[in-house]
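Computation of the quantities below employed the complete heavy-atom set of this structure, encompassing side-chain atoms and omitting hydrogens, waters and symmetry-equivalent molecules. Both ligands and their constituent atoms are indexed starting at 1 by order of listing.
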Amino acid sequence: MSKATCLTESSATNEIRTKGYFVEKNLLNSDEIKTIESLMPNLIEEDITRFGSNKYYSDHGIAINLMFRGDIFRQVMTKPKLIEVVDSIMGETSILNAYNAPSTPPGGSNSAKVIHTDCPPERVIPGFITNLNLVIAISPFTKDKGATFYYPGSQEMLSAPSEDDFYRQAEQVELEPGDAIFFNAHIWHAAGVNQTEKTRYGLGMNFIKSYMRQRFDFPRMTSPELEKRLTALERRLLGFNVRVPASLEEFYVEPEKRLYLAKQG
Ligand SMILES: O=C(O)CCC(=O)C(=O)O
């Protein structure tokens, strides 16, 4: 197993800037892991039932938009330790771009098997992190279960490394259930192949600067019933503080009623 340690805030920030990733042990407890593991098969099946026959559907095995798929997923995205790390790297106004469950089926992988980054390389700003990713292991991320490969220090490389170069340099980072890997979304990485008979489950989040656009319009996707229950932190992460007015009537209102609140970075 690669060495996974609990890092202090400054060494975490330092590692993400140099190597491009770091591991935080025991982000989730065993109850949270069990609950999430029991929900996963149905969530994946639900998406396949809804979209499996859609020729544009490319996310087989990856349950999408978990913030709306059970309260436990919002509890995880707002865990104090997680938010402490996110805020220390991204500032206190970052929002969620995506929240999915990258799983690898027995004997296979997922669409993340190709060597890729999670943000187009042409958006690299040297020395500046615009997108922070996080993958939390729900099942063990061992080599035989398809643990993810990361190419250390590749976060500012503007084109894909060759397969030879990638697999020579990359570290296949093993995680125990509940451990998390935080990484710059510009790092070149690839899912492994699950050679076991059990699905490997994980959670994946991507945090972005508040002024960037999210993958989906999460505020518009939130039901009125759920909106009433959201905490201030959940509202921030879903993007409620940085919505855009659709009319001048929505724009000329008291500052606290604005859709795009002040001081969002
Ligand atoms: O499923 C995996 O191992 C990789 C996930 C991944 O590439 C991603 O979250 O961007």
Check each atom of ligand 1 against the heavy atoms of [X] and keep those under 4.0 Å away; list them by number with element.
{"X": "Pro102", "result": "1 (O), 5 (C)"}
{"X": "Asp118", "result": "8 (C), 10 (O)"}
{"X": "His116", "result": "7 (O), 10 (O)"}

Counting only heavy atoms not in Glu256 (residues, nucleotides, ligands), do more than 12 fall under 6.0 Å from its CD?
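For Glu256, atom CD is crowded (more than 12 foreign heavy atoms under 6.0 Å).
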Sub-6.0 Å ring centroid separation between Phe149 and His189
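Between Phe149 and His189, the centre distance exceeds or equals 6.0 Å.
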Suppose we call two aromatic rings close when their centres sit under 6.0 Å apart. Are Phe182 and Tyr21 close by that rule?
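They do not qualify: ring centres at least 6.0 Å apart.
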Sole candidate of Ile95, Asp217, Leu230 that passes side chain to side chain contact (heavy atoms under 4.5 Å, CB included) when paired with Leu238
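Considering Ile95, Asp217, Leu230, a side chain to side chain contact (heavy atoms under 4.5 Å, CB included) with Leu238 is found only for Leu230.
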Distance under 6.0 Å and angle within 45° of the ring axis: does Arg200 meet both against Phe141?
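Yes, cation above the ring, under 6.0 Å and within 45°.
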Looking only at protein heavy atoms, which one is nearest to atom 9 (O) of ligand 1, and what is the separation?
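Checking every protein heavy atom, the shortest distance to atom 9 (O) of ligand 1 gives Val135 CG2, 3.8 Å.
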Taking distance alone, with no angle check, do Thr148 and ligand 1 share an N/O pair under 3.5 Å?
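Yes, there is a polar N/O contact under 3.5 Å.
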Please work out whether any backbone atom (N, CA, C, O) or any side-chain heavy atom from C-beta onward of Met205 is under 4.0 Å from ligand 1, and answer side chain, backbone, both or neither.
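Within the 4.0 Å criterion, Met205 makes no contact with ligand 1.
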Do Ile64 and Met221 land in one hydrophobic cluster if side-chain heavy atoms of ILVMFWY residues count as linked below 4.5 Å?
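Cluster IDs for Ile64 and Met221 match.
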Is there a heavy atom of Gly204 sitting under 4.0 angstrom from any atom of ligand 1?
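Distance cut 4.0 Å: Gly204 fails for ligand 1.
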Taking atom 6 (C) of ligand 1 as the point of reference, which of Arg200, Lys113, His189 owns the nearest heavy atom?
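Ranked by closest heavy atom to atom 6 (C) of ligand 1, first place is His189.
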